[in-house]
**Q** 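A single structure is presented below for examination.
Lettering follows sequence order; numbering is per chain, from 1.
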Number of protein chains: 2
Amino acid sequence: MLTDRQLLILQSIIEDYIQSAEPVGSRSISKKNSITFSPATIRNDMADLEELGFLEKTHSSSGRIPSQKAYRLYVDRLLLPYRFSEPEMNNIQSLFAGKILEAEEAVKETAGILSELTSYASIVLGPEMFESRLRQIQIVPIGKAAAVAVIVTDTGYVENHTVALPPSLEAGELEQITNILNERLRGIPLYQLQRALFSEVRDLLKKYVLNYEAALSFTEEALRKSRHEKIFYGGKTNLLNQPEFKDVDRVRALLELMEEEHLIHELLKPTMNGMTIRIGQENTNEAFEHCSIISATYSLAGKPVGTIGIVGPTRMEYQKVITLINHLSYGLSNVLDDLYRRDS
Amino acid sequence: MLTDRQLLILQSIIEDYIQSAEPVGSRSISKKNSITFSPATIRNDMADLEELGFLEKTHSSSGRIPSQKAYRLYVDRLLLPYRFSEPEMNNIQSLFAGKILEAEEAVKETAGILSELTSYASIVLGPEMFESRLRQIQIVPIGKAAAVAVIVTDTGYVENHTVALPPSLEAGELEQITNILNERLRGIPLYQLQRALFSEVRDLLKKYVLNYEAALSFTEEALRKSRHEKIFYGGKTNLLNQPEFKDVDRVRALLELMEEEHLIHELLKPTMNGMTIRIGQENTNEAFEHCSIISATYSLAGKPVGTIGIVGPTRMEYQKVITLINHLSYGLSNVLDDLYRRDS
DNA sequence: TGTTAGCACTCGTTTTACCCGAGTGCTAAA
DNA sequence: TTTAGCACTCGGGTAAAACGAGTGCTAACA
């Protein structure tokens, strides 16, 4: 229903506004190389575009700014492929070139690159290691009343927590429990550990350990699911450079929200593969009303295990960010697959 | 050299300004219950106090604001003991009442309480676990080219890093190395591990391991000192509520500085026991020019292992913060001592 | 001699009036 | 259908005026 000219004008306005953050007038559009029409013509189309909900005015005689609907159209239909500059490309390449030994390291680096190249804030979730399998468990007593349980997975992920030690448990028994666990649970995915504990280990414990009840609940605690997943941020302070965040209250709302890790996790947690673009109020949370969030999952062995994302103003460099996120989620998945595959 | 009345007036002005963040006039001081003099009298003393460098004017006919020197005097001589309210006290008590199993947990909680009760930002360093002793080391091969080294200390602290595995090393040898390390290095403080590796383990490796060179450097890497110490922040966004940080640029400088973990660590790292109060430009860093930082070490077995601190505007509730930090550093030290002592 | 009342003065803030100019909508001509 | 022309709108900037919180100083008072 939009004419080609209207689309062209809309695109020009959006791109101008993304650059300048100022309302765009008909005159400045008409001066562009790609545009051959007079300001008056453009004004007519602008009026139409406004009626259709793609443009807005800040006051009656101001230039136009793109509406959320316009950004949506832009992202869905008008996006041109983005080409990275030489140094940017080098930056990205080098991230995946160095030999990376730990998943967490790769993920942190990715968050850094993301924010560095975009001057927005980056959020990286995960990786969730539920799928990875138990390689070894070690239970080290610390004094009389506590022990540290250390779990190492086949992906090299280490998790540990301290557990209260039941007084009835003797040192020898602790060792025996460790042996049983290692023998019976090795190779089992983390998310199945609890289940496997009951099906595989319970009866053995009954057999070999005196105070079986206490031992079982102790073991269960030692294997309990890790705390909620980790979140890495990059360049939070970048947001303070954006003119839309010159208002302290808005910044505060945003930063406070980012401290709420469970909310952020809920918002971005990896579900289906692929990229998600949420523009302005498409984000349900009010603090993100003036933000867009572009996120994509990265995966391990084809299954999404984490998310990388960018938070910026709705006036965001969509092409650039989308391309970058694509690159990085792909690259990060590869790195993880390499880390994982080293086991076979 | 200051009369009692001048001191009283100075104190009133400081406390008023701490509350209001606005220049304080002679009239408002004279209205206080504790003050019986007329505005004119107060103005005279104010003029004297200004000459002496304790007060400043924002412009020629404004009220006075305390100078940095005034805060210093206030902190050194005028401070009254602060009494916490019932709920505040409960909050603090409950922090140390619950059974805490991990040092890191205690430290994080402390950061939370600090910022919650003060509405400033809290910074908590450490704890540095260099003093704690190796309890157990486990080296778990992950595929062919890498291994995860997990170190558990007698304080229940777990550290792990992934290390590239020299191709020459065989599985059996890896096990042997682990055994040697556990046998020889148990009980040695972390900071001496590298040294002990050479004095205690080197020759044994030579004897039992084929490619001795590679094994040694691998082991050295596995035992390498942890990354720089951890920093926990609480309530960073609290700062945005303070009127002195309504200016985005100032906030940005502050938040950016806080991302520079090595600088923060350098600034606050635990040295001698006790409390440090740095007011305004007493902080060397420019971004802290309008801040005061109050910090105190907490200790383990009498040795300082970490720092808890508060960052707020120079116009800070000194009594309250000082009292709180004293409480918490004392309490945290106790918790750590309890955690530590469980080993004996 | 120390304290206070009185008063003129200062200066940042707020209010008002005004102008400027970027940008619009509409109309009529090309 | 496009464009030129023109009156109109309104935010932003500037200058002048009014306001008021607060000061410094002087003179009177206890």
Side-chain angles (χ1 to χ4, degrees), chain A residues 1-10 12-17 19-67 70 243-244 246-247, chain B residues 1-10 12-17 19-67 70 243-244 246-247:
Chain A
M1 69 202 183
L2 289 179
T3 67
D4 284 355
R5 193 178 65 201
Q6 284 171 331
L7 275 179
L8 179 62
I9 289 173
L10 183 57
S12 295
I13 292 175
I14 292 173
E15 283 168 2
D16 194 301
Y17 185 70
Q19 278 305 317
S20 67
E22 308 257 302
V24 183
S26 55
R27 211 177 104 87
S28 65
I29 292 297
S30 79
K31 278 205 209 127
K32 303 211 166 187
N33 287 334
S34 54
I35 303 271
T36 54
F37 329 104
S38 76
T41 311
I42 292 169
R43 278 203 292 281
N44 281 331
D45 279 341
M46 279 169 127
D48 291 346
L49 286 167
E50 186 176 358
E51 246 169 51
L52 292 168
F54 292 107
L55 293 179
E56 291 165 359
K57 283 193 276 200
T58 61
H59 61 272
S60 76
S61 70
S62 77
R64 305 302 211 289
I65 63 175
S67 71
E244 26 273 281
K246 67 180 191 307
D247 174 21
Chain B
M1 67 203 185
L2 289 180
T3 66
D4 284 354
R5 193 178 64 202
Q6 284 172 332
L7 275 179
L8 180 60
I9 289 174
L10 182 58
S12 295
I13 292 175
I14 292 174
E15 284 168 1
D16 193 300
Y17 185 70
Q19 279 304 317
S20 69
E22 309 258 301
V24 183
S26 55
R27 210 177 104 88
S28 64
I29 292 296
S30 79
K31 278 205 209 127
K32 305 210 166 187
N33 288 334
S34 54
I35 304 270
T36 55
F37 328 105
S38 76
T41 310
I42 292 169
R43 279 204 292 282
N44 281 331
D45 280 341
M46 279 169 126
D48 291 347
L49 287 166
E50 184 175 0
E51 245 169 52
L52 292 168
F54 292 107
L55 293 178
E56 290 167 359
K57 284 193 275 199
T58 61
H59 62 271
S60 75
S61 70
S62 77
R64 306 300 211 290
I65 63 175
S67 71
E244 27 273 281
K246 66 180 192 307
D247 175 20

**Q** Calculate the interatomic distance between Asp48(A) atom CG and dT1(D) atom P; express it in whole Å.
**A**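 Rounded to whole Å, this separation is 12 Å.
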**Q** Can you list, in residue-number order, the parts of residues 54-66 of chain A that come under 4.0 Å of DNA chain C, counting heavy atoms only?
**A** Lys57(A), Ser61(A), Ser62(A), Gly63(A), Arg64(A)
**Q** Within this structure, what is the CG-to-C1' distance between Asp16(B) and dA21(D), rounded to whole angstrom?
**A**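 Between C1' of dA21(D) and CG of Asp16(B): 14 Å.
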**Q** Hey, what do you get for OG (Ser12(B)) to NZ (Lys31(B)), rounding to the nearest 0.5 Å?
**A**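 The OG atom of Ser12(B) sits 14.0 Å away from the NZ atom of Lys31(B).
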**Q** Given side-chain contact (heavy atoms from CB on, under 4.5 Å), test Leu8(A) with Asp4(A) step by step and report yes or no.
**A** CA-CA 6 Å; Leu8(A) 179 62; Asp4(A) 284 355; over 6 Å; no
**Q** So which of residues 23-45 of chain A are in contact with DNA chain C, with a heavy-atom cut-off of under 4.0 Å?
**A** Gly25(A), Ser26(A), Arg43(A)
**Q** Quick check against the 3.5 Å criterion: does Ser62(B) have a side-chain atom that pairs as donor or acceptor with the backbone of Thr58(B)?
**A**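 Yes; judged by distance alone, with no hydrogens or angles, the pair exists.
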**Q** So does Val24(A) get a backbone contact from the side chain of Ser28(A), meaning a donor-acceptor N/O pair under 3.5 Å?
**A** no
**Q** All N/O contacts under 3.5 Å from nucleotides 13-20 of chain C to the protein, with atom names and distances to one decimal?
**A**
none

**Q** Check the distance between dT2(D)'s P and Gln6(A)'s CD and give it to me in whole angstrom.
**A**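 For the pair Gln6(A) CD and dT2(D) P, the rounded distance is 10 Å.
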**Q** Within the supplied structure, the quantity of interest is the number of heavy atoms (other residues, nucleotides, ligands) at a distance under 6.0 Å from Lys246(A) NZ; does it exceed 12?
**A**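 No - once you tally the heavy atoms of other residues, nucleotides and ligands closer than 6.0 Å, there are 12 at most.
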**Q** Please lay out, stage by stage, how Ile9(A) and Ile13(A) fare under the test side-chain contact (heavy atoms from CB on, under 4.5 Å).
**A** CA-CA 6 Å; Ile9(A) 289 173; Ile13(A) 292 175; 3.8 Å; yes
**Q** Once you round to the nearest 0.5 Å, how far does OG of Ser67(B) lie from CG of Leu52(B)?
**A**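 Answer for the OG-CG pair, Ser67(B) versus Leu52(B), is 10.0 Å.
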**Q** Using the side-chain contact (heavy atoms from CB on, under 4.5 Å) rule, take Leu10(B) and Asp45(B) through it: C-alpha gap first, then chi angles, then the decisive distance, then the call.
**A** CA-CA 9 Å; Leu10(B) 182 58; Asp45(B) 280 341; over 6 Å; no
**Q** Calculate the interatomic distance between Met46(B) atom CE and dG22(D) atom P; express it in whole Å.
**A** 9 Å
**Q** For residues Phe54(B) and Leu2(B), report the shortest heavy-atom separation together with the two atoms involved.
**A** CE1-CD1, 3.9 Å
**Q** Decide yes or no on side-chain contact (heavy atoms from CB on, under 4.5 Å) for Leu49(A) and Arg64(A), but give the supporting numbers first.
**A** CA-CA 10 Å; Leu49(A) 286 167; Arg64(A) 305 302 211 289; over 6 Å; no
**Q** Hey, is the side chain of Arg5(A) poking within less than 4.0 Å of OP1 or OP2 on dT2(D), counting only N and O atoms?
**A**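 Checking dT2(D) against Arg5(A), a side-chain N or O does come within under 4.0 Å of OP1 or OP2.
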